[in-house]
Colleague: 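Here's a structure for you.
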Amino acid sequence: SYGFITCGGIMIGYICSAITDFVVTFADDSDIINLHGWSQGSFSGTSWSNIGVAAVIGELGNFYIFLSKPIGAYQLGEGYAQSMGVNIKFFRVALILLSSILSACVTAFAGPISFVGIAVPFLTRKAFGTARPLIIIPGTFFAGAVFCMLCDLIARMVLAPTELNISTVTSILGAPI
């Protein structure tokens, strides 16, 4: 089962890569440069209108507050969550959709930024010393924003006037974690 899922993921990755290569073949040079910059992750192309759209979509993160009790129950196992009245099928769909929308929003404006989703929640959980969703989720949002701001500052200033991609800095800082 795990091998089938892995092969499916690899297959979808190659299909998406082929579609991207096809689109790049017919794109203007300036669009190719923008795509390259986006694919490395950067906040430099972000405008206030982008921030407004991201803020509106980011408000969906408030729904995590409504899911905090089911998340806490789910951490103790599906059987426990179900006995506490959590509709497991609905919960999974809601959690996946909410997480996907928030991740897609950040990726659309800043590109794929490495290790933020892996390192920051781990560090936040260690810093607060708890796994309670009502504490960890807002803490992770805040810590992720601070981590990205610091990495962006480092990316812009270390080799000024040349700007590093933020993903380079987050990888260097996040990979050891």
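FYI, the numbering just counts along the sequence from 1.
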Colleague: Counting only heavy atoms from other residues, nucleotides and ligands, does the tally under 6.0 Å from CG of Asp21 exceed 12?
Modeller: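 For Asp21, atom CG is crowded (more than 12 foreign heavy atoms under 6.0 Å).
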Colleague: Any side-chain heavy atom of Leu95 sitting closer than 4.5 Å to one from Tyr74?
Modeller: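 Sidechains of Tyr74 and Leu95: no contact.
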Colleague: Testing the basics here: between Val120 and Gly144, what is the closest heavy-atom pair and its distance to 0.1 Å?
Modeller: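 Looking at all heavy atoms of both residues, the closest pair is CG1-N, 3.4 Å.
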Colleague: Are Leu97 and Ile88 connected, step by step, through hydrophobic side chains (Ile, Leu, Val, Met, Phe, Trp, Tyr) whose heavy atoms are closer than 4.5 Å?
Modeller: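 Unlinked, Leu97 and Ile88 end up in two clusters.
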Colleague: Closest approach of Thr124 and Gly139, non-hydrogen atoms and distance?
Modeller: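 Looking at all heavy atoms of both residues, the closest pair is CG2-C, 3.7 Å.
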Colleague: Looking only at heavy atoms, which two atoms of Cys148 and Val116 are closest? And how far apart?
Modeller: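 Taking every non-hydrogen atom into account, SG-CG2, 3.9 Å.
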Colleague: Verify side chain to side chain contact (heavy atoms under 4.5 Å, CB included) between Leu123 and Phe147, making sure each step is shown before the conclusion.
Modeller: CA-CA 11 Å; Leu123 291 175; Phe147 180 71; 5.8 Å; no
Colleague: Phe141 and Ile101: same hydrophobic cluster, using ILVMFWY side-chain contacts below 4.5 Å?
Modeller: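 Yes, Phe141 and Ile101 fall within the same hydrophobic cluster.
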Colleague: Check the hydrophobic clustering (I, L, V, M, F, W, Y; side-chain heavy atoms under 4.5 Å; chains of links allowed) and say if Phe115 and Met149 are grouped together.
Modeller: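 Looking at the clustering, Met149 is in a separate group from Phe115.
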Colleague: Pairs under 3.5 angstrom only: tabulate donor-acceptor contacts from the side chains of residues 125-132 to other protein residues two or more places apart or in another chain.
Modeller:
residue	atom	partner	partner atom	Å
Thr130	OG1	Arg132	N	3.1

Colleague: Yes or no on side chain to side chain contact (heavy atoms under 4.5 Å, CB included) for Phe91 and Ile71, after CA distance, side-chain angles and deciding distance?
Modeller: CA-CA 9 Å; Phe91 172 73; Ile71 291 172; 3.7 Å; yes
Colleague: Distance-only criterion, 3.5 Å: show the donor-acceptor pairs between side-chain atoms of residues 155-177 and protein atoms not counting sequence neighbours.
Modeller:
residue	atom	partner	partner atom	Å
Arg156	NE	Asp152	OD1	3.2
Arg156	NE	Asp152	OD2	3.0
Ser167	OG	Pro112	O	3.4
Ser167	OG	Ser114	N	3.0
Ser167	OG	Ser114	OG	3.0
Thr170	OG1	Ser114	O	2.8
Thr170	OG1	Ile166	O	3.3
Thr170	OG1	Ser167	O	3.1
Ser171	OG	Ser167	O	2.7

Colleague: List the atom of Pro133, the atom of Gly72, and the distance in Å for their closest heavy-atom pair.
Modeller: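 Scanning both residues, the minimum pair turns out to be CG-N, 3.6 Å.
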Colleague: Distance from Thr25 atom OG1 to Ile32 atom CD1, nearest 0.5 Å?
Modeller: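 That separation rounds to 8.0 Å.
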Colleague: Find the distance between CG (Leu102) and CD (Glu59) and round it off to the nearest 0.5 Å.
Modeller: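 Output value for this atom pair is 10.5 Å.
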Colleague: Only distances under 3.5 Å count here; give the side-chain donor-acceptor pairs of residues 9-18 to other protein atoms, sequence neighbours excluded, each with its distance to 0.1 Å.
Modeller:
none

